**Q** 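Sending over a structure as C-alpha cells; questions will come in a sec.
Order of the sequence lines fixes the chain letters, A, B, ..., with proteins taken first and strands second; residue numbering starts at 1 for each chain. Remember, it's a predicted structure, so these values are computed and weren't measured experimentally.
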2 protein chains.
Amino acid sequence: MTMTPRSSHSPNSRAGGRPGRRTGISEATVARLPVYLRVLTSLAESGVSTVSSEVLANAAGVGPAKLRKDLSHLGSYGTRGVGYDVEFLVYQISRALGLTQHYSVVIVGVGNLGQALAGYAGFGTRGFRVVGLLDADRARVGSLIAGIEVRHSDELETIISEHDVSIGVIATPAGAAQDVCDRLVGAGVTSVLNFAPVVLSVPDDVDVRKVDLSIELQILAFHEQRKSLVEQEAVG
Amino acid sequence: MTMTPRSSHSPNSRAGGRPGRRTGISEATVARLPVYLRVLTSLAESGVSTVSSEVLANAAGVGPAKLRKDLSHLGSYGTRGVGYDVEFLVYQISRALGLTQHYSVVIVGVGNLGQALAGYAGFGTRGFRVVGLLDADRARVGSLIAGIEVRHSDELETIISEHDVSIGVIATPAGAAQDVCDRLVGAGVTSVLNFAPVVLSVPDDVDVRKVDLSIELQILAFHEQRKSLVEQEAVG
DNA sequence: ACGCGCTTGTGAAGATGTGCACAAAACGGT
DNA sequence: ACCGTTTTGTGCACATCTTCACAAGCGCGT
C-alpha cells in the first residue's frame with residue numbers, strides 16, 4: 001500500500017503538541033470553564049455579586065476543590081474568607097477562553113439541525129457572529145433564517161475570505177462532510193465543529209470538535225444495560 | 001441555610017460509584033466504542049471482512065495501541081497476524097454497548113432541534129425507537145414529524161409508562177429543562193440526554209449526558225486564541 | 001514440519017486528571 | 001490591635017488514561 005503508515009493519530013491535536021504548556025490551562029479545565037461562565041452570568045443577572053467556591057461548584061455540578069483548582073489556573077482572583085467577585089470572574093474567564101475577541105462563523109448545511117444552530121442563542125452572543133449560512137440545495141438558497149440569508153455552497157470560499165472566518169460548523173449529511181471540511185480548511189478555517197457522523201481528517205494545525213447524537217445515545221445505552229445487569233444480580 | 005452542604009458532586013455518577021469495576025470497561029473506552037462501531041459497519045458495507053488495528057485505528061482517528069487496548073477489554077476477539085473479523089467485532093461491540101436490547105426514547109421539545117433529532121437517522125436504527133414527541137405548545141400538537149405525531153407534554157407520564165421508556169431527550173428551552181427532567185425521572189426514566197444549556201440535577205441512579213453547542217464553540221475559541229498567540233510570538 | 005513475518009494482547013512507564021486536607025490570608029467583631 | 005471564622009489556593013496522594021515496547025500466537029510458504 002502507498003499510504004503513509006503513520007498518518008495522524010493525535011486526538012484533539014493542534015500545532016504545538018502537548019496541551020496547555022504555554023497557557024498552563026489543561027484541556028479538562030478548558031472544557032469546564034464555559035460551564036462556570038454560564039452559571040456566573042446567570043448569577044450576575046440575579047444580582048449576586050460574590051460567590052463561594054462551594055456555591056458555584058454546586059451550581060456547576062462539580063466538586064468545590066476541582067472548581068478552585070480550575071480557577072487557580074487563570075490566576076489568583078478570589079478573596080480568601082470571602083469568595084469570588086462574580087463580574088470580575090466573568091471577565092477573567094471570558095478573557096482566558098478568548099471570548100474578548102470576536103469570531104466569525106459559517107454554518108454549512110441548513111437542514112433542521114443547521115436551522116436550529118442558526119437560531120441558537122449561544123451563537124449570536126459571546127463573541128461569535130454567524131456571517132454565513134450555506135447549503136448545496138438551491139431550493140433553500142435565498143430564504144431567510146434567523147435574519148440571515150442562505151447562500152449557495154459555491155460561495156463558501158468567497159464568504160470565508162471576505163469575513164475572515166476562522167470557525168466552520170458542519171451540519172451536512174455524512175456524505176458531504178469531508179468535502180465541505182476540506183473546502184473550509186482550504187479557505188483558511190482553523191477550527192471545525194462537526195455534527196455529521198463521520199471522522200474528519202484534517203491537518204495538524206486545525207482543531208476539530210465532534211458532536212454526535214447517536215454516540216451519546218449509545219453511551220447511555222451502555223449504562224442502561226449495566227443498571228439492568230446490576231438489578232438482575234441483586235435479585236438473584 | 002437548610003440545604004445539605006454535600007449535595008451531589010460526582011461527575012457522571014451512577015449508583016455504584018467507581019466506573020467500570022463490574023464490566024471492566026472504562027468510561028473513556030465506552031465513549032470510543034460507538035466510533036469503532038460506526039467505522040466497522042461502514043467497512044462491512046464496503047465488503048471488507050477483516051481489519052488490522054492500524055487501519056481501523058486510522059479510520060477512527062485514534063492510535064492503534066489505544067484501539068487494541070480498548071478492544072481487549074471486551075475479550076480476545078481478533079487473530080494475531082491477521083486482524084479482526086469485521087462482522088464479529090460489530091456484534092461484540094454492539095453487545096458490549098447493550099445495543100442488542102431495544103430502548104424506547106421520548107423527545108421533549110419539538111423546536112428546530114427537536115425536529116432535527118426526531119429525523120436523525122441514528123435514532124431509528126441500532127436499538128433505539130422514538131415512541132414519543134412532546135411539546136408544551138398546543139399549536140404544534142397533532143402535527144407529524146418523521147412519521148410521529150406530536151403529543152402534548154401533559155401526556156409525558158402516560159407515554160413513558162405505556163412504552164416503558166428508559167431514555168429521555170430534552171430539547172426544550174433552558175427554562176423548562178429542569179422541570180421536564182424532574183417529570184421524566186419521576187415517571188421512571190433513568191437516562192437523560194440534555195441539549196438545554198443548563199446543569200440538571202438528578203438522583204444518583206440517573207445518568208445525564210449533556211450536549212452543549214455553545215460550550216463546544218467556546219472551547220474552539222480558546223484554541224483559536226492560543227493559535228493566534230503562538231503566531232504573534234513567532235513573529236516577535 | 002518448520003521457520004519467518006505479521007499482528008494481537010498486555011505489562012509497565014509516563015502523563016493527565018481528581019480529591020483531600022491544611023496552611024495562608026482576609027474580614028468582622030470586640 | 002487582636003482573635004476567631006471563613007474561604008481560598010495548593011502540595012500531595014491517588015485514580016484514570018495513554019503510549020510504548022515486546023512477547024505470544026497465528027498463518028503461509030517452502
Side-chain angles (χ1 to χ4, degrees), chain A residues 1 5-6 8-13 16-33 35-36 48-58 60-86 88-89 92, chain B residues 1 5-13 16-33 35-36 49-58 60-86 88-89 92:
Chain A
M1 43 175 152
R6 192 172 317 273
S8 82
H9 53 80
S10 35
N12 281 356
S13 64
R18 258 160 230 77
R21 205 170 52 84
R22 170 138 308 277
T23 60
I25 305 182
S26 77
E27 210 61 26
T29 295
V30 170
R32 282 185 297 264
L33 289 179
V35 179
Y36 305 153
V48 178
S49 65
T50 294
V51 270
S52 69
S53 64
E54 188 183 352
V55 170
L56 183 51
N58 277 340
V62 303
K66 202 187 314 203
L67 175 94
R68 287 202 300 274
K69 186 150 286 189
D70 282 343
L71 293 185
S72 78
H73 290 133
L74 317 187
S76 251
Y77 317 121
T79 318
R80 292 167 195 245
V82 176
Y84 300 90
D85 182 276
V86 174
F88 186 58
L89 201 50
Q92 289 300 340
Chain B
M1 43 174 149
R6 192 173 316 274
S7 62
S8 82
H9 54 82
S10 34
N12 281 357
S13 63
R18 255 157 230 83
R21 207 171 52 84
R22 170 139 307 278
T23 61
I25 305 182
S26 76
E27 209 63 24
T29 295
V30 169
R32 281 185 297 265
L33 288 179
V35 180
Y36 305 153
S49 63
T50 294
V51 270
S52 69
S53 64
E54 188 183 353
V55 171
L56 182 51
N58 278 340
V62 302
K66 203 191 304 206
L67 176 92
R68 289 202 298 278
K69 184 145 286 189
D70 282 343
L71 294 184
S72 77
H73 291 134
L74 319 185
S76 247
Y77 318 121
T79 317
R80 289 164 196 250
V82 177
Y84 300 90
D85 181 276
V86 174
F88 186 59
L89 202 49
Q92 289 298 342

**Q** For dG9(D), does the base pair up with any side-chain atom of Lys69(A) as donor and acceptor (N or O, under 3.5 Å, distance only)?
**A** no

**Q** Which heavy atom of Ile25(B) sits nearest a heavy atom of His73(B), and at what distance?
**A**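 Here Ile25(B) and His73(B) meet closest at CG1-O, 4.2 Å.
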
**Q** Is Ser53(A) close enough to dT7(D) that one of its side-chain N or O atoms is under 4.0 Å from OP1 or OP2 there?
**A** no

**Q** Heavy-atom distance under 4.5 Å between the side chains of Leu74(B) and Leu33(B), does that happen here?
**A**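 With C-beta onward as the side chain, the pair touches.
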
**Q** Restricting to non-hydrogen atoms, name the atom on Phe88(B) and the atom on Tyr77(B) that form the minimum distance, rounded to 0.1 Å.
**A**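 Closest pair (atom of Phe88(B), atom of Tyr77(B), distance): CE2-CD2, 3.4 Å.
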
**Q** Ignoring the backbone of Lys66(B), work out which of dG17(C), dT19(D), dG9(C) is nearest its side chain.
**A**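 Among the listed nucleotides, the one closest to the side chain of Lys66(B) is dT19(D).
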
**Q** Using every non-hydrogen atom in the two residues, find where Ala60(B) and Tyr36(B) come nearest and quote the distance to one decimal.
**A**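 That closest heavy-atom pairing would be CB-CD2, 3.7 Å.
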
**Q** Of all heavy-atom pairs between Thr29(B) and Asp70(B), which one has the smallest distance, and what is that distance?
**A** OG1-OD1, 2.7 Å

**Q** Roughly how far, to the nearest 0.5 Å, is the CG atom of Leu89(B) from the CG atom of Leu71(B)?
**A**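 Taking CG in Leu71(B) and CG in Leu89(B), the distance rounds to 5.5 Å.
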
**Q** Which residue, Ala28(A) or Gly75(B), contacts DNA chain C at a nucleotide closer to its 5' end, judged by nearest heavy atom?
**A**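 The residue closer to the strand's 5' end, by nearest nucleotide, is Gly75(B).
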
**Q** Reading nucleotides 21-30 of chain D 5' to 3', which nucleotides get B (base under 4.0 Å from a protein heavy atom), which S (sugar-phosphate only), which -?
**A** B-BBBBS---

**Q** Answer yes or no: does a side-chain N or O of Ser52(A) lie under 4.0 Å from OP1 or OP2 of dT7(D)?
**A**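 It does not, given that no N or O in the side chain of Ser52(A) lies less than 4.0 Å from OP1 or OP2 of dT7(D).
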
